[in-house]
Protein chains: 2
Amino acid sequence: MSRLEAGSHNEPMSYPTPVNRPATIADVARVAGVSVPTVSRVLTGAARVSEQRRRRVEAAIAELAYRPSAAAQVLASRHSKTIAIVAANTSRYGYAEAIRGVEESARAAGFVVIIVVVESERAEDVRAAADAVLRQSVAGVVVLKFDPPGVGALKALESVVPAVALSGIPEPGVPQAVLDESGAAAALTEHLLGLGHRTVHHVRIPPSGKEDGRTTGWRVALQRHGSPIPPIEDVSWEITTAYEVGVRLARDPAVTAIFCGNDETAMGVIRGIHDTGLRVPADISVAGFDDHPLASMFIPALTTARQDFAELGRHGTAQLLALLNGESPLALETLEPPIAIRESTAPPSGRRR
Amino acid sequence: MSRLEAGSHNEPMSYPTPVNRPATIADVARVAGVSVPTVSRVLTGAARVSEQRRRRVEAAIAELAYRPSAAAQVLASRHSKTIAIVAANTSRYGYAEAIRGVEESARAAGFVVIIVVVESERAEDVRAAADAVLRQSVAGVVVLKFDPPGVGALKALESVVPAVALSGIPEPGVPQAVLDESGAAAALTEHLLGLGHRTVHHVRIPPSGKEDGRTTGWRVALQRHGSPIPPIEDVSWEITTAYEVGVRLARDPAVTAIFCGNDETAMGVIRGIHDTGLRVPADISVAGFDDHPLASMFIPALTTARQDFAELGRHGTAQLLALLNGESPLALETLEPPIAIRESTAPPSGRRR
DNA sequence: GATGTCGATGATAGCGCTTTCAGGCAACTG
DNA sequence: CAGTTGCCTGAAAGCGCTATCATCGACATC
């Protein structure tokens, strides 16, 4: 540590070099007895350095516990090793899992992740998020395009910074990884229809745009079967709204099968049905979506579509990294969620119609 | 935009100023007809600028869609506006909620959040996380000290960078926000004992250290009542392990009440009990912990302790911000989780002993 | 009228790095 | 042995900002 003071001869003598100032590249160079650029070269591998000097530099780095400043590196090299995740939410199941997937892949590739929340789809919130991203000089962005704020953020960023979207609906444009929700939603609806239900009601979670893949798949399957299309029940992310919808639907004798936008909603709906005295699936069948970790523990275990959000995040990140490498990645990568038939769906009882 | 080229007279004429290069402070200064430091002054508010110039600068900023580079600001000012969240996991319920709380408060205070995952408690993983944090020149860190990796990361960082811990056990040392788990765990255990159970079994989730607050509270309550202390059942984060423990405990006729380390585990345990043909709470009572959003929707609804992780995150962040402001915050801030008695606990049936 | 005082401004010097660029040296040519 | 090569190396410049300092009027003071 005293060696850190070696270069301080022309500093005011009043106080010595602060002992805890983190070491800089100049400190390393001094200790190793080489020039600053040489240290930089061993750091970045930009050019060859003689074995002997490399060793001295590495020793000095270890001795000083030196860590290059990311900020300085970005400034000088104009290359950033951070990527931003832009999302409207960070803690709900699908979101959190997707973020986990992105973080894992990013870290594995030596990137650091910043997380930028878009509060709403209002222009000012979208702008605030975009500003935050752009000020950070990130290498690229992964946008969770699961909802209107996500859509807005993507629009604001796609032309300014390398971006990939994670989404539930394939769409031309930006590179994206998509979990094909509409196919799985249709399969689930058809499963219910195949059980003998005359139609399937739908409880919709806040959609990403005009209509999301889950709702579309449901509608398409009903149309294909010539089944009537009942009015959609909307819920918020607040699970009690699902509970209330469950209570309401249970009171309508025409309801025998319900397809819910996600598993949490399905659990709320089932609980609502349960509290009216009806049974799932004996009286009413309920299907969820996502295969939440608790879906198979719920009583009854949920019939649902298996969505691997973490995998989605990993794929998206891989695409972004490819993009940054100049490889032009497939603009679209689709994962097909398989469906899991469990206990919450069964043939209609006949007691209802 | 042509004004951007005003300063490029001595550049090679071969190609014009790249049109999409983001504007720098120098561009703003040129367009506004002021010096660079003046622009900096209106940006940071570090000194007064005449009304007239301030307007011109603001107009130029808007015209050029200028956003100061965070990296350059950090480098020049030695003050960072980013804080790091260090955590072993980002997507499990308590973790995700705590992260959400931190992010919200940080954003409200104008900070950007980077997320650093400590893979395990192994020295190399801890070091990797600490390195990542330190290279980013963050203003401070919030460490989720919920598990051994978190404990390790905190140890590695606390003396190097302003840090606060989020935890379940009050501990002297670093400033921290704590959810007093042991009190709530004891209350839950006492609730079960009060119902007439001879003792309470415990299913432990991966603990943060030797023993976490949930386990301690349980043990203390049993001791206080002079109840026998049954061997602890351990589960991993994988919910199927909880299921298996449920099956196993159901087969032991001595088991009439179970206190689980968290709600997900409780649901797995209940499902396991259910699949052996026994009923909760009729045959066995089960209590969870956390008040997961699904806890009240589960059938039976879970008796549990209400933990507000997001609030914990907000408190921790507030402490960190105070610390950064030089105000020395309370080194310890404790939130008391109240308990919620619901359907999954009841008096013993007498059919078991 | 000479002298301070003060607020607003710009010139200048870095922050900690990477990136030219030119030099030095050894190993090859012919 | 002069004339290339080619590889390492350090000097110097500069990334986009902020901090420090000197300057310059305008105004107040004696």
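No experiment lies behind these values; they were computed from the predicted model shown. The chains referred to below are lettered A, B, ... by the order of the sequence lines, with proteins before strands, and numbering in each begins at 1.
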message: Counting primed atoms plus P, OP1 and OP2 as sugar-phosphate and everything else as base, spell out the protein contacts along nucleotides 18-28 of chain C at 4.0 Å heavy-atom distance: B, S or - for each nucleotide, 5' to 3'.
response: BB---------
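Counting only N and O atoms by type, the side chains of B:E311 and B:H315 include a donor and acceptor under 3.5 Å apart.
Not one side-chain nitrogen or oxygen of B:T24 sits closer than 4.0 Å to the OP1 or OP2 atom of D:dC15. The side chain of B:S35 places no N or O atom within less than 4.0 Å of a non-bridging phosphate oxygen (OP1 or OP2) of C:dA11.
Counting to the nearest Å, the P atom of D:dC7 and the CZ atom of A:R53 are 17 Å from each other. Rounding to whole angstrom units, NZ of residue A:K81 and P of C:dC17 are separated by 17 Å. Atom-to-atom, CZ of A:R54 to C1' of D:dT9 comes out at 14 Å; the value is rounded to the nearest Å. Spacing between atom CD of B:E51 and atom P of C:dT9 amounts to 11 Å, rounded to whole angstrom units. D:dA19 atom C1' lies 13 Å from atom CG of B:L75, rounded to whole Å. Computed from coordinates, the A:I61 CD1 to C:dC17 P distance equals 10 Å when rounded to whole Å. Between B:R135 atom CZ and C:dC17 atom C1' the separation is 11 Å, expressed in whole Å. In this structure, the CZ atom of A:R48 is 10 Å from the C1' atom of D:dG6, given to the nearest Å.
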task: Output, in order, the C-alpha distance, side-chain angles, deciding distance and verdict of side-chain contact (heavy atoms from CB on, under 4.5 Å) for A:T82 and A:V138.
output: CA-CA 5 Å; A:T82 108; A:V138 299; 3.6 Å; yes
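Among pairs with a residue in residues 136-154 of chain B, those fulfilling side chain to side chain donor-acceptor pair (under 3.5 Å) read B:Y95-B:D147, B:K145-B:E171, at least two apart in sequence or across chains. Listed by first and then second residue, the ring pair (Phe, Tyr, Trp, His ring centres under 6.0 Å) pairs involving residues 117-143 of chain A amount to none (not counting sequence neighbours).
A:K81 NZ: more than 12 foreign heavy atoms inside a 6.0 Å radius.
Comparing D:dC15, D:dT9, C:dA8 by their closest approach to the side chain of A:V49 singles out D:dT9. Which of C:dG16, D:dC8, D:dC17 sits closest to the side chain of B:S69 comes down to D:dC17.
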Let me have the donor-acceptor pairs involving side chains of residues 114-121 of chain A, under 3.5 Å, with sequence neighbours excluded, atom names and distances please.
from   : atom 1 : to     : atom 2 : distance (Å)
A:E119 : OE1    : B:R107 : NH1    : 2.8
A:E119 : OE1    : B:R107 : NH2    : 3.2
A:S120 : OG     : A:R122 : N      : 3.0
A:S120 : OG     : A:D125 : OD2    : 2.7

Contacts under 3.5 angstrom, residues 64-77 of chain A side chains, donor-acceptor by atom type, not counting sequence neighbours:
from  : atom 1 : to     : atom 2 : distance (Å)
A:R67 : NH1    : B:D131 : OD1    : 2.4
A:S69 : OG     : A:A71  : N      : 3.4
A:S69 : OG     : A:A72  : N      : 3.1
A:Q73 : OE1    : B:R135 : NH2    : 2.8
A:S77 : OG     : A:Q73  : O      : 2.6
A:S77 : OG     : A:H79  : N      : 3.0
A:S77 : OG     : A:H79  : O      : 3.3

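A salt bridge links A:R100 with A:E97: the closest approach of a Lys/Arg side-chain nitrogen to an acidic carboxylate oxygen falls below 4.0 angstrom.
Partner of A:L154 under the side-chain contact (heavy atoms from CB on, under 4.5 Å) criterion, chosen from A:V141, A:L166, A:V126, A:V174: A:V174.
Direction change of the helix axis from one end of the helix from C:dG1-D:dC30 to C:dG30-D:dC1 to the other is 50°, with five pairs defining each end axis (rounded to 10°).
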